[in-house]
S.K.: 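Here you go, one structure.
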There are 2 protein chains.
Amino acid sequence: MAQTDEQRWQRRKAERPGEIIDAALELFVEKGFMATRLDEVAQRAGVSKGTLYLYFDSKEALFRAVVETLVVPEIERTEQLIDAYEGPAAELISQLVKQWWQTVGESRVCGLPKLIISESGNFPELARFYVEQVIDRVRRVIAKLIKRGIATGEFKSCDPVYIARLLLAPMVFAAIYQHSLLPYDSEPFEVAAYLDTHLDIFLHGLVAPVAESGAAET
Amino acid sequence: MAQTDEQRWQRRKAERPGEIIDAALELFVEKGFMATRLDEVAQRAGVSKGTLYLYFDSKEALFRAVVETLVVPEIERTEQLIDAYEGPAAELISQLVKQWWQTVGESRVCGLPKLIISESGNFPELARFYVEQVIDRVRRVIAKLIKRGIATGEFKSCDPVYIARLLLAPMVFAAIYQHSLLPYDSEPFEVAAYLDTHLDIFLHGLVAPVAESGAAET
DNA sequence: CTTAAATAACTGACTGGTCAGTCATTAAAA
DNA sequence: TTTTAATGACTGACCAGTCAGTTATTTAAG
């Protein structure tokens, strides 16, 4: 009856891809890649399914776009942050961990690790891309920082790559847990407090033994 | 022509469920629940698809059976191990971590955490079951151990539950990583060495400050 | 010790529903 | 009027779950 003057849709060529990526990220993280229906992505992005195919070639291409769009800028920001700072390694690590949770931890991007890990078997190329562009880069820059700390005598001697893994593991685990089993866990889980504790234990465990008189007795 | 005396199949009522569960675990871990085809499970188990339905009501029921069959005995073994031992908490922790990797880490069960985490969104009841029957129990028994260590003055004062999480996080992460991104990672990853480093850092970070004159100053 | 009947483990072609991807059509914008 | 963003009904492939039929095994009669 009276719907002729109401616009049914608008042309928004510029905004569509970002909105679709946001909707897809949410659903991929929530339900996994396979279980996510493109109709639902379209609905959440406020378009029809056909529109998805104007901007992305396939469901898999959309998946790749989600990862590439959201991850690469994040990594670059992190690397810059590390290169900019100069001071005690322990302090920088502490700051990095906390900053990471503030910027990434509570945003939607935080669901990516779970998504990538879940789908790695079905998307080998994507897994390889993620390892190279994210994991490897982050691990390398952290390892460099650890090495610096060892060189200055701040940290005890150890393999910087394993140390980097051990610094990152509880962080990534927190991100994964938050987007998987935490909702079913009765125990409270304050990530900020958890990370503070992690830093406390980790950095104390890493410092060179206090060289008072006799160094270490192990 | 000459195939009449060759048996096409055998009756093996007792062995079937276990073989099907094994095949399903492998494929679920490798490809995820949704992407796993029951035809392929059947093929790998050496039966036809119809046979699956003689032993399991549905694909989901098979999933539950995989988890329940493989997880519960493992947990009980762990709890018994902890209750049996009496000595310095640090030593027990160290032994537990190493033993865990020897028994669980290299077996197929090790793929379960990835599987559960991946599918938690689609199977809330299963996620809840896993949290209650695995995560919570393990965390509780570790926290108890930590508390014991604090009471005896072996460890410094801190929240035992977060400490338990932090002990477990790198272990679980290793298990997950091994079944997801490790195959795409160029960096070598010796889990045994990684866990040794973890124990080294973690236990050093956790010990009470060497009470030389004034005891604790927190 | 046969051998035939009864039992139940097992099979695999089939079905009904689901969904990624297509495309002829519609309508907003230029 | 032309151009092109956007639509949504449609299709072809795929697969969980079914079931009528097949065959190994057991039982018991001859």
Side-chain angles (χ1 to χ4, degrees), chain A residues 1-25 27-28 30-66 115 119 121-123 126, chain B residues 1-25 27-28 30-66 115 119 121-123 126:
Chain A
M1 303 288 174
Q3 77 271 42
T4 27
D5 56 340
E6 270 306 318
Q7 254 185 222
R8 303 206 196 160
W9 43 265
Q10 287 183 325
R11 294 181 161 198
R12 296 173 58 248
K13 191 183 166 79
E15 291 84 354
R16 294 301 190 206
E19 294 173 357
I20 292 168
I21 284 175
D22 281 357
L25 172 64
L27 286 164
F28 285 159
E30 194 178 312
K31 311 161 89 98
F33 177 80
M34 292 285 296
T36 296
R37 304 296 141 219
L38 287 188
D39 278 304
E40 206 177 345
V41 174
Q43 192 186 6
R44 196 171 293 198
V47 296
S48 71
K49 191 164 66 168
T51 300
L52 301 187
Y53 286 87
L54 295 177
Y55 299 102
F56 305 96
D57 286 344
S58 65
K59 193 183 181 186
E60 183 171 348
L62 176 58
F63 188 31
R64 304 177 74 91
V66 166
L115 179 57
E119 301 299 341
N122 301 113
F123 299 95
L126 194 96
Chain B
M1 300 293 175
Q3 76 270 41
T4 27
D5 55 343
E6 270 306 318
Q7 257 186 216
R8 304 204 194 162
W9 45 265
Q10 289 183 323
R11 294 183 159 194
R12 297 173 57 247
K13 189 183 166 77
E15 293 84 354
R16 294 301 190 205
E19 293 172 359
I20 292 168
I21 283 174
D22 281 357
L25 172 65
L27 286 164
F28 286 158
E30 194 177 311
K31 310 161 90 97
F33 177 79
M34 294 284 298
T36 296
R37 303 297 139 220
L38 286 188
D39 277 304
E40 208 177 343
V41 174
Q43 193 186 7
R44 196 170 292 198
V47 295
S48 71
K49 193 164 63 167
T51 299
L52 301 187
Y53 285 88
L54 295 177
Y55 298 103
F56 305 97
D57 287 343
S58 64
K59 194 183 182 188
E60 183 171 346
L62 175 57
F63 187 31
R64 305 177 74 90
V66 167
L115 178 55
E119 302 299 342
N122 302 112
F123 300 95
L126 195 95

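Chain naming here is simple, since letters A, B, ... match the order of the sequence lines and numbering starts at 1 in each.
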S.K.: Which of these nucleotides, dA16(D), dA5(D), dT22(D), is closest to any side-chain atom of Y55(A)?
M.R.: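 Nearest nucleotide to the side chain: dA5(D).
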S.K.: Grab the CG-C1' distance between D39(B) and dC14(C) for me, whole Å please.
M.R.: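 After rounding, the gap between these two atoms is 12 Å.
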S.K.: Let me know, please, whether A35(A) or G50(A) comes out on the 5' side of the other along DNA chain C by nearest nucleotide.
M.R.: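 Counting from the 5' end, the first nearest nucleotide belongs to A35(A).
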S.K.: F56(B) has an atom CZ; how far is it from atom P of dT18(D), in whole Å?
M.R.: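 Whole-Å distance recorded here is 15 Å.
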S.K.: Let me know the distance between CG of L38(A) and P of dT22(C), rounded to the nearest Å.
M.R.: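 Going from L38(A) (CG) to dT22(C) (P), I get 11 Å.
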S.K.: With respect to the side chain of Q7(A), which nucleotide from dA29(C), dT11(C), dA5(D) is positioned closest?
M.R.: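 Out of dA29(C), dT11(C), dA5(D), the nucleotide with an atom closest to Q7(A)'s side chain is dA29(C).
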S.K.: Can you confirm whether more than 12 heavy atoms, excluding those of Q43(A), are under 6.0 Å from its CD atom?
M.R.: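 Open.
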S.K.: Check the distance between dA27(C)'s C1' and R12(A)'s CZ and give it to me in whole angstrom.
M.R.: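 For the pair R12(A) CZ and dA27(C) C1', the rounded distance is 17 Å.
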S.K.: Name the residue closer to the 5' end of DNA chain D, choosing between D57(B) and Q10(B) according to the nucleotide with the nearest heavy atom.
M.R.: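 Going by which nucleotide is closer to the 5' end, it is D57(B).
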S.K.: Expressed in angstrom and rounded to an integer, what is the separation of K31(A) atom NZ from dC19(C) atom C1'?
M.R.: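 Rounded to the whole Å, the gap is 14 Å.
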S.K.: In the structure I gave you, are the side-chain heavy atoms of F63(A) and E119(A) within less than 4.5 Å of one another anywhere?
M.R.: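 SC-SC contact between F63(A) and E119(A) confirmed.
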S.K.: Tell me the interatomic distance from F63(A), atom CZ, to dG21(C), atom P, rounded to whole angstroms.
M.R.: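 My rounded result for the distance is 14 Å.
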S.K.: In whole angstroms, how far is the P atom of dT18(C) from the CZ atom of R37(B)?
M.R.: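 About 15 Å, once rounded to whole Å.
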S.K.: Can you find a pair of side-chain heavy atoms, one from R16(B) and one from V47(B), that are under 4.5 Å apart?
M.R.: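 They are in side-chain contact.
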S.K.: Taking only the side-chain nitrogens and oxygens of S48(B), find out if one of them lies under 4.0 Å from OP1 or OP2 of dT11(C).
M.R.: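 It does, given that an N or O in the side chain of S48(B) lies less than 4.0 Å from OP1 or OP2 of dT11(C).
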S.K.: Which sits closer to the 5' end of DNA chain D, S58(B) or L54(A), going by the nucleotide each is nearest to?
M.R.: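 It is L54(A), whose closest nucleotide lies nearer the 5' terminus.
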S.K.: For K31(B) and R37(B), indicate whether the former's side chain and the latter's backbone hold a donor-acceptor pair under 3.5 Å.
M.R.: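 No; judged by distance alone, with no hydrogens or angles, the pair does not exist.
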S.K.: If you go through the side-chain atoms of K59(B), does one of them form a donor-acceptor pair with the base of dG17(D) closer than 3.5 Å?
M.R.: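 No, the side chain and the base share no sub-3.5 Å donor-acceptor pair.
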S.K.: Do Y55(B) and I20(B) come close enough that some side-chain heavy atom pair is under 4.5 Å?
M.R.: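 Yes - at least one pair of side-chain heavy atoms lies under 4.5 Å apart.
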S.K.: Look at R8(B) and dT22(D) and indicate whether a side-chain polar atom (N or O) is within less than 4.0 Å of OP1 or OP2.
M.R.: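 So the side-chain polar atoms of R8(B) never come under 4.0 Å of the phosphate oxygens OP1 or OP2 of dT22(D).
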S.K.: Report the nucleotide, chosen from dT7(D), dA5(D), dA8(C), that has the shortest atom-to-atom distance to any side-chain atom of R11(B).
M.R.: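 The nucleotide sitting nearest to the side chain is dA8(C).
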S.K.: dC14(C) P sits how many Å from K49(B) NZ, rounded?
M.R.: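 The answer, rounded to whole Å, is 13 Å.
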